[in-house]
Amino acid sequence: MSLSQTNFLSSSLLSSSHDLRIPYSRAVLSYPRIQTHRILCATKRTGKRRYPSERRKLRTEQKEAVAKVKNKLEGVWRLSKLGVPVGDDPGKDFLGISEGLLQAIAKVIEFPVASMLPEDAFSVIRKSFDARKILKEAKFVYTVDLDVKTLLELEPRAHDFIFRLEPKIGLIEHVPTEKSVSGDLISVVNDCKRINSETASGEYEPQIINGSGDPHHHGGGRSKPKIAVVGGGPSGLFAALVLAEFGADVTLIERGQAVEERGRDIGALVVRKILDMESNFCFGEGGAGTWSDGKLVTRIGKNSATVLAVLKTLVRFGAPENILINGKPHLGTDKLVPLLRNFRHYLQSAGVTIKFGTRVDDLLVEDSRVVGVRVSDSTNQLQTTSQNLKVDAVVLAVGHSARDTYEMLHSRNVELIPKDFAVGLRIEHPQELINSIQYSDLANEVLKGRGKVPVADYKVVQYVNDKTEDLSQSSSKRSCYSFCMCPGGQVVLTSTNPTELCINGMSFSRRSSKWANAALVVTVSAKDFDVLNLKGPLAGIEFQREFERRAAIMGGGDFTVPVQRVTDFLQNKLSETPLPPSSYRLGVKSANLHELFPAHITEALRESISMFEKELPGFISEEALLHGVETRTSSPVRIPRSNETYESTSLKGLYPVGEGAGYAGGIVSAAVDGMFSGFAVAKSFDLFDGTIESVIGKAQGAGLVKY
């Protein structure tokens with residue numbers, strides 16, 4: 001049944017039908033009933049719903065955890081999932097030990113009088129907010145470390161209660177004293193160098209592969225390996241940091257500008273619609289994540305040593321310490337700018353040469369090995385001269401918008417593999433509406449980011465069978481999900497070419513804007529590229545360009561964004577003016593977004609929105625506005641590399657890392673990948689001895705990380 005055949009009942013807009021649980025007044029809308037495909041949802045089984053094999057595995061893990069405890073009265077007990085009702089907690093910004101938290105701790109360790117427990121014996125490791133509707137009441141959820149030695153010194157009567165404590169999978173864990181806690185990345189590298197100096201019988205001889213370094217450069221006869229790091233985003237910064245700390249001669253090359261100049265370029269774009277193609281929301285110091293929400297959430301283990309090393313390094317350079325504790329840490333652009341300035345100054349003090357406004361146009365290759373890069377001044381569009389920089393290795397840490405770099409690599413016969421990604425639209429609601437949907441009466445506690453509870457966000461996902469395939473084939477499905485949700489944020493332009501139009505979301509640290517936005521995207525793959533007759537490793541890039549150009553035309557040029565009410569999108573009709581207000585500052589224009597994507601992508605988005613309404617009643621609203629188009633959710637290609645050395649499998653001396661290479665998604669995972677690559681390159685030049693895993697743990701498998 002097509003939407004054009006569906007009658008939208010205008011009488012269903014019942015101004016008198018309000019959800020009395022929700023303080024934010026909103027109309028209850030009736031919208032077209034859409035024929036849906038089979039929905040494939042996986043929920044975690046708990047309690048009696050577990051399979052017998054799962055119960056057996058859990059019992060085995062429980063026995064192993066108990067057996068590992070050698071002395072209950074030493075080390076640290078980690079207590080997880082401690083719930084404190086909102087009314088008993090000081091609020092989201094308080095990260096200490098409250099009276100309500102002591103009550104929760106006392107209940108777990110079965111200590112009779114919570115007020116007798118000394119606060120100094122406990123430290124908060126994680127704090128998050130849980131307002132799910134299935135709960136009787138919203139609560140803050142804590143993970144707390146109990147230091148046994150301190151507790152027994154301050155409250156000896158706790159001895160018997162600790163002695164009776166037993167590990168429980170996911171709830172209570174014993175952490176031995178000898179278990180190390182990672183420091184920031186600089187401390188980790190310094191520890192490695194100290195161990196190297198203690199165990200080495202003599203000095204290391206750095207390995208110079210192509211002889212580009214001057215052997216008499218340092219007067220003593222040895223030359224540091226010269227490494228070019230291309231890209232000043234998270235992966236490039238962390239790779240450069242590791243290599244500089246190990247003593248390499250590092251040159252960091254960034255096509256965009258430092259954050260100060262980049263901010264002025266972005267201001268010119270937003271205010272005067274002047275796009276600098278090399279310094280914008282995508283290109284420049286810190287990468288695309290700088291002018292975004294600054295999310296630090298990750299799927300690669302938020303308590304892992306690698307992630308903690310990254311977060312502690314960010315704290316060292318100026319990030320607030322609460323990112324180490326918050327369940328959903330984020331920085332915001334206003335916090336990232338000074339942090340990146342501090343990061344830059346440290347790199348320069350460590351000997352790193354930083355070249356802003358410098359674009360890498362080509363690789364210098366001899367005998368199937370990279371021996372340098374050809375660069376030019378990206379600030380001068382009329383310049384035709386270039387410069388060759390000789391180096392021993394190139395760490396390629398570009399972002400996923402560096403399309404000219406992909407084309408250059410393809411011309412050099414570097415292996416590129418098309419990768420699935422997602423495209424869609426960005427939806428924007430009033431933030432008060434999202435607060436009300438998620439928190440009900442607690443929405444009054446948000447206070448534009450200054451209240452007791454966090455500004456509300458959401459995360460939705462559905463899996464729908466693909467209409468282009470046989471519906472009996474349940475294995476053929478698409479993922480439709482929200483992406484890069486920015487509470488209290490704004491919609492921004494991320495185009496890098498004036499003939500193309502694409503958008504993203506951003507927030508400042510307080511998230512105090514009156515809007516909430518998120519991308520609603522659908523996964524696409526090679527079969528979608530085939531529909532447009534796009535072939536080869538760069539097909540995904542051309543696929544993105546196609547819809548960015550369509551969006552630019554639909555908007556009428558001048559970076560005006562085509563928009564449509566959600567209710568009208570479901571009906572496949574043009575939205576009448578006046579439109580709901582939008583946070584996008586360069587202008588919006590009413591358009592039928594059904595004309596943007598192929599029908600099967602539009603249909604998947606339509607169905608998903610209808611199903612999201614069931615999860616978030618009120619999501620479909622006259623005030624909700626869809627913006628087009630969101631295409632750059634992740635890299636459209638992957639550059640194959642060795643799992644051990646991080647070196648390209650098709651070109652020696654090239655080390656592809658981070659999001660642009662297809663191995664990360666988001667600030668933290670990109671930083672972790674850059675960190676691992678830095679250790680791998682240092683090891684290949686004999687600057688580092690030992691295994692990488694023994695220092696910073698195991699690397700996350702490629703392609704498994706998302707925002």
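Quick note: numbers below take in every heavy atom, side chains included, and nothing from hydrogens, waters or symmetry partners. Residue numbers start at 1 and run along the sequence shown. Please read these numbers as outputs of a predicted model, since none were measured by experiment.
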> Do you know which two heavy atoms are closest between Cys484 and Asn504, and how far apart they sit?
Replying inline: SG-OD1, 3.8 Å
>> Quick check for you: to the nearest 0.5 Å, what is the distance between Asn322 atom CG and Asp93 atom CG?
In response: 7.5 Å
> Is the backbone N or O of Ser583 less than 3.5 Å from a side-chain atom of Glu428, with the two atoms forming a donor-acceptor pair by type?
Replying inline: yes
>> Does Leu336 form a side-chain contact (heavy atoms from CB on, under 4.5 Å) with Val259? I'd like the steps, not just the answer.
In response: CA-CA 9 Å; Leu336 277 166; Val259 286; over 6 Å; no
> Is the backbone of Ser80 close enough, under 3.5 Å, to the side chain of Thr143 for a donor and an acceptor to pair up by distance?
Replying inline: no
>> Restricting to non-hydrogen atoms, name the atom on Ser634 and the atom on Glu659 that form the minimum distance, rounded to 0.1 Å.
In response: CA-OE2, 4.2 Å
>> What I'd like to find out is whether the side chain of Phe281 reaches to under 4.5 Å of the side chain of Ile266, using heavy atoms alone.
In response: yes
>> Quick check for you: to the nearest 0.5 Å, what is the distance between Lys127 atom NZ and Leu324 atom CG?
In response: 15.0 Å
>> Between Val230 and Thr405, is there a side-chain heavy-atom distance shorter than 4.5 Å?
In response: no
>> On a heavy-atom basis, which atom in Phe483 and which in Arg426 lie closest, and how many Å separate them?
In response: O-NH2, 3.7 Å
> Short question: side chain of Asp184, backbone of Lys312 - any donor-acceptor pair under 3.5 Å?
Replying inline: no
> Donor-acceptor pair, Asp334 side chain versus Ser509 backbone, under 3.5 Å?
Replying inline: yes
>> Looking at every non-hydrogen atom in both residues, tell me the closest pair between Val566 and Leu625 and how far apart they are.
In response: CG2-N, 4.4 Å
Which atom pairs, donor and acceptor, lie under 3.5 Å between side-chain atoms of residues 449-456 and protein residues at least two apart or in another chain?
| residue | atom | partner | partner atom | Å |
| --- | --- | --- | --- | --- |
| Lys452 | NZ | Val86 | O | 2.9 |
| Lys452 | NZ | Asp89 | O | 3.0 |

> Quick one: CD1 on Ile105 to CG on Leu146, what's the gap to the nearest 0.5 Å?
Replying inline: 7.0 Å
> Would a distance-only check, ignoring hydrogens and angles, find a side-chain to backbone donor-acceptor pair under 3.5 Å from Ser495 to Cys502?
Replying inline: yes
> Is the backbone of Val668 close enough, under 3.5 Å, to the side chain of Thr298 for a donor and an acceptor to pair up by distance?
Replying inline: no
> For Val561 and Gly628, which heavy atoms make the closest approach, and how far apart are they?
Replying inline: CG1-O, 3.4 Å
>> Thr496: which residues meet the side chain to side chain donor-acceptor pair (under 3.5 Å) condition with it, sequence neighbours left out?
In response: Arg632
> Looking at the rings of Tyr458 and Phe619, which for Trp means the six-membered one, are their centres under 6.0 Å apart?
Replying inline: yes
> Step by step, would you call His345 with Phe317 a ring pair (Phe, Tyr, Trp, His ring centres under 6.0 Å)?
Replying inline: CA-CA 10 Å; His345 291 163; Phe317 291 131; over 10 Å; no
>> Can you list everything that forms a side chain to side chain donor-acceptor pair (under 3.5 Å) with Tyr439? Sequence neighbours excluded, please.
In response: none
>> Donor-acceptor check, side chain of Ser507 to backbone of Pro487, threshold 3.5 angstrom: yes or no?
In response: yes
> Hey, does the side chain of Asn517 reach the backbone of Gln490 with a donor-acceptor pair shorter than 3.5 angstrom?
Replying inline: yes
> Side chain of Thr523, backbone of Ser479: donor and acceptor closer than 3.5 Å?
Replying inline: yes
>> Could you check whether Phe679 and Phe238 have their ring centres less than 6.0 Å apart?
In response: no
> Do Ile541 and Tyr406 have side-chain heavy atoms sitting under 4.5 Å apart?
Replying inline: yes
>> Are there over 12 heavy-atom neighbours, none belonging to Lys273, within less than 6.0 Å of that residue's NZ?
In response: yes
> Does a side-chain N-to-carboxylate-O contact under 4.0 Å join Lys328 and Asp457?
Replying inline: yes
> Phe559 pairs by side chain to side chain contact (heavy atoms under 4.5 Å, CB included) with which of Leu586, Ile503, Val270?
Replying inline: Leu586
> What is the minimum heavy-atom distance between Pro320 and Val315, and which atoms define it?
Replying inline: O-CG2, 3.9 Å
> Within a radius of less than 6.0 Å around NZ of Lys92, do more than 12 heavy atoms belonging to other residues, nucleotides or ligands occur?
Replying inline: yes
> Under the side-chain contact (heavy atoms from CB on, under 4.5 Å) criterion, do Leu95 and Asn326 qualify, and how do the steps go?
Replying inline: CA-CA 9 Å; Leu95 302 177; Asn326 285 342; 3.9 Å; yes
>> My understanding is that only residues two or more places apart in sequence, or in another chain, count here; which of them pass salt bridge (Lys or Arg N to Asp or Glu O under 4.0 Å) with Asp88?
In response: none
>> For Glu245 and Cys192: C-alpha separation, side-chain torsions, deciding distance, then whether side-chain contact (heavy atoms from CB on, under 4.5 Å) applies.
In response: CA-CA 10 Å; Glu245 289 296 313; Cys192 291; over 6 Å; no
>> Counting neighbours of CD on Glu321 that are heavy atoms of other residues, nucleotides or ligands and sit closer than 6.0 Å, is the number greater than 12?
In response: no
> Got Val681 and Val395 here, is their nearest side-chain heavy-atom distance under 4.5 Å?
Replying inline: yes
> Taking only residues two or more places apart in sequence or in another chain, which ones pass ring pair (Phe, Tyr, Trp, His ring centres under 6.0 Å) with Phe140?
Replying inline: Phe129
> Heavy-atom distance under 4.5 Å between the side chains of Val124 and Leu101, does that happen here?
Replying inline: yes
>> Just to verify, what does Tyr584 make a ring pair (Phe, Tyr, Trp, His ring centres under 6.0 Å) with, not counting sequence neighbours?
In response: none
> What's the verdict on side-chain contact (heavy atoms from CB on, under 4.5 Å) for Gln438 and Leu616, showing C-alpha distance, side-chain angles and the deciding distance?
Replying inline: CA-CA 8 Å; Gln438 295 291 63; Leu616 301 171; 3.2 Å; yes
>> In the structure I gave you, are the side-chain heavy atoms of Cys486 and Lys295 within less than 4.5 Å of one another anywhere?
In response: yes
> Has the side chain of Lys355 got a donor or acceptor atom that lies under 3.5 Å from a matching backbone atom of Thr251?
Replying inline: no
> Any side-chain heavy atom of Glu500 sitting closer than 4.5 Å to one from Thr631?
Replying inline: no
> Which value, rounded to the nearest 0.5 Å, describes the distance between Glu254 atom CD and Thr358 atom OG1?
Replying inline: 9.0 Å
> Would you call the rings of Phe246 and Phe688 parallel, tilted or perpendicular, where under 30° means parallel and over 60° means perpendicular?
Replying inline: tilted
>> For the residue pair Arg264 / Gln257, report whether a side-chain donor-acceptor contact shorter than 3.5 Å exists.
In response: no
> So do the side chains of Ser513 and Gln431 get within less than 4.5 Å of each other, counting heavy atoms only?
Replying inline: no
>> Any carboxylate oxygen within less than 4.0 angstrom of a Lys/Arg side-chain nitrogen, looking at Arg262 and Glu285?
In response: no
